[in-house]
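To start, the structure itself, in structure tokens.
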Amino acid sequence: MLEAEAARALIADRALYRKIANVHAPDSWFLKRGLTPRMARSILPGLALTAARRRGKLLMIDTASSSADGPVLAMHLGMSGRILVDGEAAGDPLLYAANGDNPKWRRFGLKFADGGTLYVRDPRRLGAVELDPDEDRLGPDAATVKLGYVRGILERSHAPVKAVLMDQSRIAGLGNLLTDEVLFRVGVDPARVAATLTDDEVRAIARAISVTVRTLGTRGGSHTGDHMVARFPGAYCPRDGAPMLRRTVGGRTTYSCSAHQR
DNA sequence: GATGACCTGTGA
DNA sequence: TCACAGGTCATC
């Protein structure tokens, strides 16, 4: 989600009000929910980008012709995707992904009438492009969730707290690393059953979500390694020196401190 | 709600 | 050669 925000800012900064001349869509598998390369090539040229929005990890770019609004161009970066505008990427290098520039990793792109480009570079092909996405499949964005809402979803779930926080239909934007970071900061074990959290813990979590998203968000992305959670086998907690635990929680590799996360 | 598939580059 | 990383989706 932090990468998505960096990408959104890059697009807002550099790609708005530029008219699409051509569409590069060499990978039909990368287009989702019925969109085909042929459709993209017939619909998008002639439109200009008018706004760059984001909900969780989903990037949404509004388009318009001179006379009417066009479709919303939605892009998902998966875990290894990046946006490049005129060949330049936003944010820092990714932690778990290739950062080279093999042309075959360009899964989708727009060529602007002024000669510039916007590309999605995604080595692992887990990203996606679609038109007019259903935004409501996502919960409220993590940057704006309120205490009452967080309390509501936590107290009525018997899943591990980490699984609840990572569920995009409940809160949009918290991925594996960011969720570990939030729980590390508040000292809560990711495997705790959500409904058993105390009100103090729920408050701390709600607060940590917005603080963490904001403080890490100003530094480019959650894959940059700019974290307190030490994510490698045999690591020790940077806060108290206790051994870090490596487990699977909510279906994902999870690191937590054996001492201060309870 | 939990699990495995999807996909592919990386490093051992 | 193989385990592993991640977000999302279909399936149990």
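Each chain gets a letter, A, B and so on, in the order its sequence line appears, and its residues count up from 1.
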**Request:** Please name the pair of heavy atoms, one in A:Ala208 and one in A:Val182, separated by the smallest distance, quoted to 0.1 Å.
**Result:** CB-CG1, 3.9 Å
**Prompt:** Does A:Arg246 place a side-chain N or O at less than 4.0 Å from the phosphate oxygens OP1/OP2 of C:dA5?
**Reply:** yes
**Asked** If you check every side-chain atom of A:Lys104, which of C:dG6, B:dG9, B:dA2 has the closest atom?
**Response** B:dG9
**Request:** Check whether any side-chain N or O of A:Lys57 sits under 4.0 Å from OP1 or OP2 of C:dG6, and answer yes or no.
**Result:** no
**Message:** So A:Pro233, base contact, sugar-phosphate only, or nothing? Heavy-atom distance under 4.0 Å.
**Reply:** nothing
**Prompt:** If you check every side-chain atom of A:His76, which of C:dC4, B:dC7, C:dT8 has the closest atom?
**Reply:** C:dT8
**Item:** Under 3.5 Å donor-acceptor, A:Arg54 side chain and A:Gly56 backbone
**Value:** yes
**Item:** Main-chain N/O of A:Ala194 paired with A:Ser157 side-chain donor or acceptor, under 3.5 Å
**Value:** no
**Item:** Gap between atoms CG and C1', on A:Leu77 and C:dT8 respectively (whole Å)
**Value:** 13 Å
**Fill in**
Whichever of A:Ala163 and A:Leu126 has the more 5' nearest nucleotide on DNA chain B, that residue is A:Ala163
**Request:** Locate the shortest heavy-atom distance separating A:Leu174 from A:Lys57; write the atom from each residue and the value.
**Result:** O-NZ, 3.7 Å
**Asked** Quick one: A:Asn176 CG to C:dA5 C1', roughly how many Å, whole number?
**Response** 9 Å
**Touch class at under 4.0 angstrom, heavy-atom based, for A:Gly251 against every strand present** = nothing
**Prompt:** Considering only B:dG9, C:dT8, B:dG1, which nucleotide approaches the side chain of A:Gln168 most closely?
**Reply:** C:dT8
**Note: A:Asp180-A:Arg231 ion pair, threshold 4.0 Å (strictly below)** = yes
**Asked** For the pair made of CG in A:Leu177 and P in C:dG7, what is the distance, rounded to whole Å?
**Response** 7 Å
**Message:** Counting only side-chain nitrogens and oxygens, does A:Trp105 get under 4.0 Å of the OP1 or OP2 atom of B:dT8?
**Reply:** no
**Request:** Rounded off to whole Å, could you give me the CZ-to-P distance for the A:Phe232 and B:dG11 pair?
**Result:** 16 Å
**Request:** Give a yes or no on whether a salt bridge exists between A:Arg53 and A:Asp141, defined as a side-chain N under 4.0 angstrom from a carboxylate O.
**Result:** no
**Asked** Should A:Arg124 be listed as having a side-chain N or O under 4.0 Å from OP1 or OP2 of C:dC4?
**Response** no
**Request:** Output yes when at least one side-chain N/O atom of A:Ser157 is less than 4.0 Å from OP1 or OP2 of B:dG1, else no.
**Result:** yes
**Prompt:** Can you check the A:Trp29 CH2 to B:dC6 C1' distance for me, whole Å?
**Reply:** 6 Å
**Item:** Rounded distance in Å - CZ (A:Arg247) to P (B:dA2)
**Value:** 14 Å
**Asked** How many Å lie between NZ on A:Lys162 and C1' on B:dG1, as a whole number?
**Response** 16 Å
**Prompt:** Would you say C:dA5 has OP1 or OP2 under 4.0 Å from some side-chain N or O of A:Thr253?
**Reply:** yes
**Item:** For atom CZ of A:Arg252 and atom C1' of C:dC4, their distance in whole Å
**Value:** 11 Å
**Message:** Whether A:Arg125 contacts B:dA5 is assessed here as follows: a side-chain N or O lying under 4.0 Å from the phosphate OP1 or OP2. Is that the case?
**Reply:** no
**Asked** For B:dG1, does either OP1 or OP2 sit under 4.0 Å from a side-chain N or O belonging to A:Arg170?
**Response** yes
